[in-house]
Amino acid sequence: MFRAALRQYLEEAAKRAVTDGALPDVPLPSVEVDVPRGRRHADYATNLPLALARTAGRPPREIAQAIVDALEIPPQQVARVEIAGAGFINFFLAPAWLHDLLRHIYSAGDTYGNRDLGRRRRVNVEYVSANPTGPLHIGSGRNGVIGDVLANLLAALGYDVVREYYINDAGLLVHALAQSVEHHYFAHFGQEKPFPEDGYRGEYVRDLAMQIVQRDGNAWLARPEEERLTAFREFALGEILAEMRRTLEEFGIRFDVWFSERALYEQGAVDRALTALRERGLLYEQDGAVWFRSTSFGDDKDRVIIRSNGRPMYYAADIPYHLNKLERGFELLIDVWGVDHFGDVARVKGGLAALGVDTSRLEILLYQHVRLRNEGELLRMSRRRGEFVTLADLLDAVGRDAARYFFCMYTPSVPMDFDWQLARETSQDNPVYYVQYAHARISSILRETLNHPVGRALVAPAVLAGGQPFDLAAIRDADLSVLTHETEIALLHALAELPEVIEIAGRRREPQRLCTYARELAEAFHVFYTQCRVLSDDRRLTMARLILTAAVRLVLRRTLGLIGVSAPDRM
RNA sequence: GGGCCCGUAGCUCAAUGGACAGAGCAACGGCCUUCUAAGUCGUAGGCUGAGGGUUCGAAUCCCUCCGGGCCCGCCA
């Protein structure tokens, strides 16, 4: 709320300076208000004079002076304004304005930090979308957290968000899965059935076969192969998808839509898209296959789109799939893909562009892969070889909170190593505990309030149920001017940052900023806690600090909520 | 070979083109008759891979080089 207000004041001042002739009439750049690193120089600062210097043709400090002269800010909001450095304007907030922040936070409650950038525009975020051929592995954990947190951020920014999972249930992969199950099924009855070339070797494949044995005995041995494979495929798909849903649920991820690739084929959407491409002269035949002229859209070579055996490639369905999403009324589509799918971006976007879609409406967020490290040794994961650590294993080992926080902490475009050994043994050193501990400490104080001679009279019993201890009237009447300690001021500044963090993290698709912020807020609280006692004999001070402390809990809870990590009341 | 991503403290990572580049872990030294020590304070640690450029200002943008990851399939 401070930045937005300061921006407004600055814009008005600059316009006033132009009207008064103190500044030449040049276009105003977008006004930026920053927190100087470590708040060393000021609470807030703007580089507006520096940005204006060139077009205005005046020294920055002179411009700064003209703007400062024209500034009209109530003294109860900003205590001091100064010109510094090369031409920055520095602002020092009046304590009263900072105290107002607490009233603002309580009145916003769980919506504190929200913005209305989206204006209810509809966004589809598609993530995880792992092939339904086996358990989710660790990479899907990173994908899931990036997508889920991004969806949370966009919702907080006022977008109407739909979370979607695309099920690749149509291609060769699920066929190979069915054949793999069939192999184990026959083996159980001592019969030979060759293992498919691209088969799946994990232990779970044998388990699936055994479940069929248990249910149907040897009934399938004598049935026609096609019928058997169809039945095995459907059984395996159902089981695997159910297992995925369980794991994702445990991971705190829930989808609004599970979209079937096969449905696209059954509805003829794939054929329609291919026909449309053909009509535009973008397909041609060569070596028995049909090729897509993807070089027309920035690809480095043309690609096969229909194999010589008549089966379309994976990305052929991806084109109508994204058309389908647009037809469902989404203005923006965001896909979260592993970096190994990089090559598909040009194909899918090219296909869409060919059909007249403005491809700026499709944004593909690529994240680098997760490598697993064990005792310093890097492990490569391959599902086909049956070598991977599942997401379910990870959840068992480190828990949902640590896993989510860990995946969220890293910038998506940077590869991350997951140290299995460390993750298993770590509980104290994990950064998530630092943040959660701050929350638990606050809850502990609020509980303790009920036993405190001064505190008892101040708070509502709702504290015990984890609710807010104060109503808005109590906060309006409280004297917050006693919050003057350096650590209290620092804490207030930290609280003020959440809206900005949500906006930047959401707009730039950088969920890790939430983790950085959570840590900073927790740190500000821990420092305050060590230096200031909340519950004391001073009734006014106790009340003010309780209000501050409960506001920190609210903001921590909100931040952790966006990350999808729990906010425990005890640890 | 071509395309994309990355290179920041011993290790893992932060850092809206802004002022003296910050945390955690690891190392060393302090702080618990007081609301949770899973905390806190201090010390030490850096030519932001190298070199050019753009800019009033570059870890951040551009170019070259070095090093690493991913992709370049009628797999997904």
Side-chain angles (χ1 to χ4, degrees), chain A residues 32-38 40-42 45-47 50-51 53-54 59-60 84-88 90 130-131 133 168 171-173 176 198 287-291 298-301 303-309 311-315 318 338-346 366-369 371 383-384 409-417 419 422 426-438 440-449 451-452 455 500 503-504 507-508 510 512-513 515-516 519-520 522-523 525-527 529-536 542 545-546 549 570-571:
Chain A
E32 303 288 340
V33 174
D34 296 328
V35 176
R37 212 191 286 276
R40 264 190 293 263
H41 303 90
T46 185
N47 63 352
L50 290 159
R54 167 162 295 197
F88 294 99
N90 288 342
N131 290 322
T133 52
N168 298 120
L172 293 170
L173 295 185
D198 289 325
D287 307 327
V290 178
W291 296 67
D299 208 347
D300 56 349
K301 51 178 139 173
R303 309 285 169 166
V304 167
I305 194 163
I306 304 174
R307 301 174 181 88
S308 47
N309 65 9
R311 303 185 83 110
M313 299 281 288
Y314 162 85
Y315 76 92
D318 245 8
V339 70
D340 54 327
H341 285 77
F342 169 77
D344 289 331
V345 175
L366 298 175
Y367 65 93
Q368 295 282 329
H369 273 184
R371 294 187 306 183
R383 174 170 293 179
R384 294 231 171 122
M409 260 172 54
Y410 297 86
T411 309
S413 61
V414 174
M416 71 175 266
D417 290 345
D419 192 322
L422 188 72
T426 293
S427 56
Q428 306 222 356
D429 297 339
N430 203 309
V432 68
Y433 293 103
Y434 183 87
V435 179
Q436 289 182 317
Y437 187 57
R441 261 186 161 172
I442 294 171
S443 293
S444 171
I445 293 172
L446 295 180
R447 277 194 303 273
E448 193 57 30
T449 303
N451 301 319
H452 188 270
E500 195 76 13
E503 179 174 338
I504 299 285
R507 242 181 25 203
R508 297 167 66 119
E510 293 181 347
Q512 82 281 1
R513 287 170 188 274
C515 293
T516 307
R519 214 214 162 269
E520 282 168 3
E523 181 178 24
F525 176 75
H526 285 312
V527 172
Y529 177 90
T530 334
Q531 297 194 36
C532 297
R533 239 198 111 69
V534 175
L535 301 173
S536 70
T542 298
R545 285 184 171 165
L546 279 170
T549 299
R570 292 173 209 271
M571 286 174 77

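Every chain is numbered from 1, with letters handed out A, B, ... down the list of sequences. This structure is a prediction, so every number in the text was calculated from the model and none was measured.
Per the stacking criterion (ring centres < 5.5 Å, plane angle < 30°), A:His41 stacks onto the base of B:A19. Here A:Tyr314 does not count as stacked on B:A76, because the ring centres are not under 5.5 angstrom apart with planes under 30°. We find that the ring of A:Phe88 and the base of B:A19 stack, their centres lying under 5.5 angstrom apart and their planes tilted less than 30°.
A:Phe525 and A:Ile445 get closest at one heavy-atom pair: CZ-CD1, 4.2 Å. In this structure, A:Arg307 and A:Ala289 approach most closely via the heavy-atom pair C-CB, 4.1 Å. Of all heavy-atom pairs spanning A:Tyr433 and A:Met571, the tightest one is CD2-CE, 3.5 Å. What you find for A:Thr46 and A:Glu32 is that their closest heavy atoms are OG1-O, 2.7 Å.
Proximity note for A:Arg54 (side chain, C-beta onward) versus B:U12, B:C56, B:A76: the nearest is B:C56. Listed nucleotides: B:G69, B:A19, B:C35. Nearest to the side chain of A:Glu448: B:C35. The side chain of A:Tyr410 approaches B:U12 more closely than any other nucleotide in the set B:U12, B:G69, B:C75.
Separating the CG atom of A:Leu172 from the P atom of B:C74 is a distance of 13 Å, rounded to the nearest angstrom. With rounding to whole Å, A:Glu510 atom CD is found 11 Å from B:A14 atom C1'. With rounding to whole Å, A:Arg311 atom CZ is found 10 Å from B:A76 atom P. In this structure, A:His341 atom NE2 and B:C72 atom P are separated by 10 Å, rounded to whole Å. Rounded to whole Å, atom P of B:C75 lies 14 Å from atom CG of A:Asn131. Per the geometry, CD belonging to A:Gln512 stands 18 Å off P belonging to B:A23, to the nearest Å. Taking atom CG of residue A:Asp340 and atom P of nucleotide B:C72, one finds them 9 Å apart after rounding to whole Å. In this structure, the CZ atom of A:Phe525 is 14 Å from the P atom of B:A38, given to the nearest Å.
Of the P atoms belonging to B:C25 and B:U64, the separation is 41 Å, rounded to the nearest Å. Distance check on atom P: B:A76 versus B:C71 gives 15 Å, rounded to whole Å. Between the C1' atoms of B:U48 and B:U60, the separation comes to 10 Å (whole Å). One P atom belongs to B:A15, the other to B:C70, and the distance between them is 24 Å to the nearest Å. Separating the P atom of B:A21 from that of B:U43 is a span of 16 Å, rounded to the nearest Å. Rounded to whole Å, the separation between the P atoms of B:C32 and B:A38 comes to 15 Å. Nucleotides B:C72 and B:U40, compared at atom P, are 46 Å apart to the nearest Å. Taking atom C1' in both B:A14 and B:U8, one finds a spacing of 10 Å when rounded to whole Å.
Anti is the classification of B:C61, since its glycosidic angle lies more than 90° from 0. Annotated as syn: B:C20, whose glycosidic dihedral is within 90° of 0.
Side-chain contact check for A:Leu546 versus A:Leu446: some heavy-atom pair is nearer than 4.5 Å. Between A:Tyr314 and A:Leu173 there is no side-chain heavy-atom pair separated by less than 4.5 Å. Taking the side chain as every heavy atom from C-beta outward, A:Arg570 and A:Arg447 approach each other to under 4.5 Å. Two residues are said to be in side-chain contact when any heavy atoms from C-beta on lie closer than 4.5 Å; A:His369 and A:Pro415 fail this criterion.
Partners of A:Tyr437 according to the ring-ring contact (aromatic ring centres under 6.0 Å, His included) rule, which considers only residues two or more places apart in sequence or in another chain, are A:His526. A search for salt bridge (Lys or Arg N to Asp or Glu O under 4.0 Å) contacts involving A:Arg533 returns nothing, not counting sequence neighbours. Under the salt bridge (Lys or Arg N to Asp or Glu O under 4.0 Å) criterion, A:Asp299 pairs with A:Arg303, A:Arg347, not counting sequence neighbours. For the salt bridge (Lys or Arg N to Asp or Glu O under 4.0 Å) test, residues two or more places apart in sequence or in another chain that qualify with A:Glu523 are A:Arg519.
The phosphate of B:C35 (OP1 or OP2) has no side-chain N or O of A:Arg447 nearer than 4.0 angstrom. Note on A:Arg441: a side-chain N or O is less than 4.0 Å away from OP1 or OP2 of B:A37. Put simply, A:Arg307 has a side-chain N or O that comes within less than 4.0 Å of OP1 or OP2 on B:C75.
As the counterpart of B:U64, B:A50 is assigned, both hydrogen-bonding distances of the Watson-Crick or G-U wobble pattern falling under 3.5 Å. Base pairing of B:U43 is made with B:A27, judged by Watson-Crick or G-U wobble geometry with both donor-acceptor distances under 3.5 Å. Under the Watson-Crick or G-U wobble criterion, with both distances below 3.5 Å, B:G1 is paired with B:C72. Figure legend. B:G18 is base-paired to B:C56; pairs are counted as Watson-Crick or G-U wobble with both atom distances under 3.5 Å. Nucleotide B:C32 forms a pair with no other nucleotide shown, judged by Watson-Crick or G-U wobble geometry with both contacts under 3.5 Å.
Of the residues near RNA chain B, A:Tyr529 and A:Leu50, the one whose nearest nucleotide (by heavy atom distance) lies more toward the 5' end is A:Leu50. Toward the 5′ end of RNA chain B lies the nearest nucleotide of A:Met409, the other residue of the pair A:Tyr315 and A:Met409 mapping further downstream.
Nucleic acid contact class of A:Arg508 (heavy atoms, under 4.0 Å, all strands): sugar-phosphate only. Within the nucleic acid shown, A:Thr411 comes within 4.0 Å of sugar-phosphate atoms alone, with no base atom in reach, counting heavy atoms only. Using a 4.0 Å heavy-atom cutoff across all strands shown, A:Ala438 reaches no nucleic acid atom at all. When heavy atoms are screened at a 4.0 angstrom cut-off, A:His452 is found touching no nucleic acid atom at all. Note on A:Ala440: a base of the nucleic acid sits closer than 4.0 angstrom, heavy atoms only. Residue A:Asn90 is classed as a base contact, given a heavy-atom separation below 4.0 Å to a base. Counting any heavy atom pair closer than 4.0 Å across all strands shown, A:Asp287 reaches a base atom.
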Every protein N/O within reach of nucleotides 3-6 of chain B N/O, cut-off under 3.5 Å:
| unit_1 | atom_1 | unit_2 | atom_2 | d |
| --- | --- | --- | --- | --- |
| B:C5 | O2' | A:Gln368 | NE2 | 3.1 |
| B:C5 | O2' | A:Ser413 | O | 2.5 |
| B:C6 | OP1 | A:Ser413 | OG | 3.4 |

Taking N or O atoms only and anything under 3.5 Å, show me the protein contacts with nucleotides 57-63 of chain B, one pair per line.
none

- Derivation of the side-chain contact (heavy atoms from CB on, under 4.5 Å) call for A:Glu448 and A:Leu535: CA-CA 9 Å; A:Glu448 193 57 30; A:Leu535 301 173; 4.0 Å; yes

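A:Arg441 forms a cation-pi arrangement with A:Tyr529, by the criterion of a distance under 6.0 Å to the ring centre and an angle within 45° of the ring axis.
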